[in-house]
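All remarks here apply to the structure that follows.
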Amino acid sequence: MISKSLLKLIKSLEQRKFRKESGLFVAEGGKTVQDLLDLGLEAINIIATKEWLSAHKLNTRTAITTASEEEMKKASFLRTPQGVLALFRQRQDDIDLTAPERELCLALDGVQDPGNIGTIIRIADWFGIKTIFCSIGTADIYNPKTVQATMGAIGRVKVHYTNLAEFISNLNGKTNIYGTFLDGKNIYSHPLGDKGLIIMGNEGNGISDECAQHIDKRLLIPNYPAGCKTSESLNVSVATAIVCSEFRRRQN
């Protein structure tokens with residue numbers, strides 16, 4: 001049975017303020033919960049239906065709360081609860097500001113949609129990008145919708161929040177700094193490196209002027225066929241996937 005205090009805690013974690021105060025976040029679904037446990041993230045409580053627990057074996061010493069389907073509906077942030085959710089402690093990774101000098105990293109400049117953030121983390125995980133730097137104004141990675149969209153990748157990719165313009169400025173001359181622009185060079189023909197920082201901008205406004213002035217490699221994802229009228233832009237997570245794919249293709 002889910003106590004009133006536990007339900008109150010779970011529901012409070014929908015808000016960034018309480019996630020920050022508690023240092024906790026909610027993960028839902030058997031695969032996501034199990035992946036995060038396997039990766040060593042600390043869970044403080046796993047809440048699941050009796051039926052789900054009977055069908056799945058959890059190898060953990062974490063406290064387990066058995067709940068009815070009705071209780072899971074009240075606790076879940078999903079339209080269709082998946083039978084299990086868990087409260088995890090947020091990762092506390094040391095920030096390495098020199099990572100782009102050694103490997104390919106992503107930076108998110110004011111990306112707002114939680115689903116986009118989660119999908120980008122999953123994309124980074126797929127393409128072997130281990131570190132993402134976010135501007136302070138970027139949406140919180142521990143939003144329940146974001147966590148769900150990562151499908152467990154949040155446990156493998158390090159995400160840091162920092163003054164992005166200042167961080168990029170300090171990288172000038174030390175590594176390549178890439179960004180996507182409508183007046184950039186065709187990504188399919190322009191030289192690309194195997195390390196550096198790729199900056200992706202806000203859904204509506206793109207990369208901010210503060211960050212754009214420090215970018216030395218301006219890239220364009222061209223539409224097709226050239227010169228024909230098409231959609232004005234790509235979704236930021238789709239654009240990220242295209243860019244990461246092209247960078248990795250060049251390395252094969």
Side-chain angles (χ1 to χ4, degrees), residues 10-20 22-43 46-48 52 72-73 75-91 93 104-161 164 180 198-204 206 221 233-245 248:
I10 294 170
K11 301 308 287 187
S12 74
L13 296 177
E14 187 172 19
Q15 298 182 47
R16 188 170 191 167
K17 171 185 175 182
F18 293 112
R19 292 195 297 270
K20 186 175 181 179
S22 65
L24 302 174
F25 72 95
V26 176
E28 297 196 55
K31 184 180 186 307
T32 298
V33 170
Q34 190 61 65
D35 281 354
L36 296 182
L37 290 172
D38 291 344
L39 288 166
L41 272 70
E42 181 186 355
I46 297 173
I47 300 96
W52 192 92
M72 290 300 297
K73 288 180 181 179
S76 176
F77 295 109
L78 303 177
R79 290 184 179 179
T80 305
Q82 298 184 17
V84 60
L85 65 79
L87 301 183
F88 283 93
R89 295 199 186 279
Q90 297 177 19
R91 295 178 60 170
D93 298 309
L104 197 61
C105 300
L106 280 175
L108 305 182
D109 183 17
V111 177
Q112 291 299 299
D113 184 82
N116 281 338
I117 298 286
T119 301
I120 289 171
I121 293 172
R122 189 176 178 185
I123 289 166
D125 187 34
W126 180 264
F127 286 108
I129 294 174
K130 301 175 182 178
T131 307
I132 299 176
F133 298 94
C134 296
S135 66
I136 302 301
T138 295
D140 181 24
I141 64 166
Y142 292 114
N143 181 298
K145 292 180 181 178
T146 302
V147 175
Q148 190 68 22
T150 70
M151 294 297 291
I154 198 170
R156 286 182 289 271
V157 179
K158 295 179 180 180
V159 182
H160 305 290
Y161 287 79
L164 195 57
T180 53
I198 304 169
I199 304 167
M200 306 303 297
N202 173 271
E203 289 89 343
I221 301 173
S233 63
L234 289 170
N235 171 279
V236 64
S237 59
V238 173
T240 302
I242 292 170
V243 171
C244 290
S245 177
R248 292 312 195 200

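The two atoms that bring Ile221 and Ala239 nearest to each other are CD1-O, 3.8 Å, heavy atoms only. Listed here is the closest heavy atom pair of Gly83 and Trp52: O-CB, 3.7 Å. The minimum heavy-atom distance linking Gly115 with Ala149 is given by the pair O-CB, 3.9 Å. Shown here for Cys244 and Phe127, the closest heavy-atom pair between the two residues is CB-CD1, 3.7 Å. The two residues Leu36 and Ala27 have their closest heavy-atom pair at CD1-CB, 3.8 Å. Thr146 and Pro114 make their closest contact through OG1-O, 3.0 Å (heavy atoms, listed as atom of the first residue, atom of the second, distance).
The OG1 atom of Thr240 lies 8.5 Å from the CD1 atom of Ile198; values are rounded to the nearest 0.5 Å. A distance of 9.0 Å separates SG in Cys134 from CG in Leu106, rounded to the nearest 0.5 Å. The distance from the CG atom of Leu37 to the CD atom of Glu42 is 10.5 Å, given to the nearest 0.5 Å. To the nearest 0.5 Å, atom NZ of residue Lys145 and atom CD1 of residue Ile117 are 13.5 Å apart. One finds the CD1 atom of Ile242 at 10.0 Å from the OG atom of Ser237 (value rounded to the nearest 0.5 Å). The OG atom of Ser12 sits 10.5 Å away from atom NZ of Lys17, with the distance rounded to the nearest 0.5 Å.
Checked options Val84, Val147, Leu78, Ile47; the residue passing with Glu28 is Leu78 (criterion: side-chain contact (heavy atoms from CB on, under 4.5 Å)).
Of the N and O atoms on the side chains of Ser135 and Thr138, at least one donor lies less than 3.5 Å from an acceptor on the other residue.
The closest donor-acceptor contact from the side chain of Arg91 to the backbone of Gly155 lies under 3.5 Å.
Remark: Asp140 pairs with Arg16, Arg19, Tyr142, Tyr161 by the side chain to side chain contact (heavy atoms under 4.5 Å, CB included) rule, at least two apart or across chains.
Side-chain contact between Val157 and Thr131 is absent, with no heavy-atom pair separated by less than 4.5 Å. A 4.5 Å side-chain heavy-atom check between Val236 and Asp113 finds every atom pair outside the cut-off. For the pair Val26/Glu14, no side-chain contact is recorded, criterion being any heavy-atom separation below 4.5 Å from C-beta on. Taking 4.5 Å as the limit, some side-chain heavy atom of Glu203 sits within range of a side-chain heavy atom of Val111.
For residues 150-159, the set of pairs meeting the side-chain hydrogen bond (donor to acceptor under 3.5 Å, both in side chains) definition, not counting sequence neighbours, comprises Asp125-Arg156.
When the shell of 6.0 Å around NZ of Lys20 is examined, it contains 12 or fewer heavy atoms from other residues, nucleotides or ligands.
Ring-plane geometry between Phe133 and His160 is classed as tilted, the angle between the planes lying from 30 to 60 degrees on a 0 to 90 degree scale.
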Inset, instruction - Step by step, work out the side-chain contact (heavy atoms from CB on, under 4.5 Å) result for Ile129 and Arg248. - result: CA-CA 10 Å; Ile129 294 174; Arg248 292 312 195 200; 3.7 Å; yes
